[in-house]
Amino acid sequence: ISISCFAGSGLVETLGKGQIKITELKFGDFVKTFNQASKQVEYSKFIDYLHFDRMAQAEFLTIKTASSNLKISPKHLIQRQSNENQQHEFVFASDLEISDKIFVLDSESNEMNVEEVKEIERTSENGVFAPLTESGTLIVNNVLVSCYANCYWHNLVHLAFEPLRLYHKLFTANEMPRENFFHGYVDLALKLIGYSPIASMIKS
């Protein structure tokens, strides 16, 4: 199972440093995200990259709304508003359809809005980057997304990554990952999920 990622052109908002490229995150940075429980925009600590490779070629979906433009891997999780009860749910980016509603931050008001998907394009480019935050979510190009991929169940994957989050709380990392970096914990976590009763929900 391979991790899914974002393109290097992705932008995140950090506490103190403002907007930076997704490739420029440093250990200990706090990244803007949205807490669906409290309905508040907040910051979550950047823990590590799950994948960091400037040269790897990957397929991306460019998800466009009225005010946002996000390049994301097809099997990466993104939050969508359910048409039935207007609640949020995580789906693969490849599951999105035109007129689906996703959560987009208004930079001026700093409030989270819901916008319809206007266009979806398939592209291919070099560079794959997958940051992990303590909350398991972040905002990339003003779009609310999960840090995880390849499994429908965001909460289950977030639970599986608890040991990694605990490790980084106990041992502070002081250096950036090497080039062509793929975090060894990813395979372990997805294998653990594979032993669960809902293993059939994992997509490679």
Side-chain angles (χ1 to χ4, degrees), residues 1-15 20-37 41-53 56 58 60-61 63 68 70-80 88-96 102-105 112 127-169 173 176-177 181-193 201-204:
I1 298 176
S2 61
I3 192 68
S4 296
C5 310
F6 303 99
S9 58
L11 299 174
V12 295
E13 185 78 19
T14 59
L15 187 63
I20 62 173
K21 289 185 177 181
I22 205 169
T23 59
E24 298 172 343
L25 285 167
K26 306 294 185 184
F27 292 122
D29 281 346
F30 283 81
V31 183
K32 185 173 285 188
T33 187
F34 182 73
N35 188 322
Q36 286 283 11
V41 175
E42 58 186 35
Y43 289 88
S44 182
K45 188 176 182 179
F46 167 69
I47 296 176
D48 204 346
Y49 285 102
L50 299 179
H51 200 174
F52 188 103
D53 193 330
F60 294 98
L61 296 177
I63 310 297
S68 66
L70 173 69
K71 288 184 179 180
I72 185 173
S73 293
K75 292 299 174 66
H76 205 101
L77 292 171
I78 185 170
Q79 282 210 324
R80 178 180 68 184
H88 61 90
E89 59 185 1
F90 284 98
V91 298
F92 288 150
S94 59
D95 290 338
L96 287 177
I102 60 176
F103 296 87
V104 180
L105 180 71
M112 189 63 68
V128 290
F129 310 93
L132 175 65
T133 65
E134 286 188 345
S135 67
T137 61
L138 72 163
I139 295 172
V140 181
N141 284 18
N142 289 335
V143 178
L144 181 61
V145 295
S146 171
C147 294
Y148 310 120
N150 301 314
C151 176
Y152 283 120
W153 295 89
H154 166 89
N155 291 338
L156 178 63
V157 184
H158 191 58
L159 180 62
F161 274 83
E162 177 60 28
L164 182 60
R165 293 194 299 275
L166 178 61
Y167 173 83
H168 279 276
K169 287 180 180 178
M176 292 305 295
F181 175 84
F182 184 83
H183 206 297
Y185 190 83
V186 175
D187 280 336
L188 174 61
L190 292 177
K191 285 177 182 177
L192 290 175
I193 295 171
M201 300 301 288
I202 299 177
K203 303 296 182 181
S204 51

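All of these numbers come straight from a predicted model, not from anything done at the bench. Starting from 1, each residue takes its place in the sequence as its number.
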Subject >> Step-by-step side chain to side chain contact (heavy atoms under 4.5 Å, CB included) determination, Leu96 to Ile72 >> reply: CA-CA 12 Å; Leu96 287 177; Ile72 185 173; over 6 Å; no
**OP:** Please report the C-alpha distance between Leu144 and Leu105 in whole Å, then the side-chain angles of each, then the deciding distance to 0.1 Å, and finally whether the side chain to side chain contact (heavy atoms under 4.5 Å, CB included) criterion is met.
**Re:** CA-CA 8 Å; Leu144 181 61; Leu105 180 71; over 6 Å; no
**OP:** Check the pair Leu70 / Val145 against side chain to side chain contact (heavy atoms under 4.5 Å, CB included), numbers first and verdict last.
**Re:** CA-CA 10 Å; Leu70 173 69; Val145 295; 3.8 Å; yes
**OP:** Would you check, one step at a time, whether the test side chain to side chain contact (heavy atoms under 4.5 Å, CB included) holds for Gln79 with Gln36?
**Re:** CA-CA 10 Å; Gln79 282 210 324; Gln36 286 283 11; 2.7 Å; yes
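Shown are Leu138, Thr33, Ile139, Thr137; of these, the side chain to side chain contact (heavy atoms under 4.5 Å, CB included) with Ser44 is made only by Thr33.
When all heavy atoms of Pro74 and Leu61 are compared, the pair lying nearest together is CA-CD1, 4.0 Å. Between Pro163 and Leu159, the shortest heavy-atom distance links the atoms CD-O, 4.1 Å. For Ala93 against Ser73, the heavy-atom pair with the smallest separation is CB-O, 3.5 Å. Here the closest heavy-atom approach between residue Thr23 and residue Phe52 is recorded as O-CE1, 3.8 Å.
Considering OG of Ser146 and NE2 of His154, their distance stands at 4.5 Å, rounded to 0.5 Å. Here the CZ atom belonging to Phe90 is positioned 12.5 Å from the CZ atom belonging to Arg80, to the nearest 0.5 angstrom. Interatomic distance, CZ of Phe30 versus CD of Glu134, reported as 6.5 Å (0.5 Å rounding). Rounding to the nearest 0.5 Å places CD1 of Ile63 at 7.0 Å from CD1 of Ile102. Cys147 contributes atom SG, which lies 9.5 Å from atom CZ of Phe46 (distance to the nearest 0.5 angstrom). Considering CG of Leu132 and NZ of Lys45, their distance stands at 12.0 Å, rounded to 0.5 Å.
Using a 4.5 Å cut-off on side-chain heavy atoms (C-beta onward), Phe92 and Tyr152 make contact. Contact of the Tyr43 side chain with the Glu13 side chain is registered, since non-hydrogen atoms from C-beta on lie closer than 4.5 Å. Using a 4.5 Å cut-off on side-chain heavy atoms (C-beta onward), Ile22 and Pro131 make contact. Looking only at side-chain heavy atoms (C-beta outward), Leu25 and Tyr49 come within less than 4.5 Å of each other.
Under the side-chain contact (heavy atoms from CB on, under 4.5 Å) criterion, Ala7 pairs with Ser9, Phe60, Lys71, Glu125, sequence neighbours left out.
Without hydrogens or angle criteria, Arg165 side chain to His158 main chain gives a donor-acceptor distance under 3.5 Å. With hydrogens and angles disregarded, no donor-acceptor distance shorter than 3.5 Å links the side chain of Asn141 to the backbone of Gly10. In this structure a side-chain-to-backbone donor-acceptor pair under 3.5 Å is missing from Thr14 to Asp29.
The ring of Tyr148 has its center closer than 6.0 angstrom to the ring center of Phe161.
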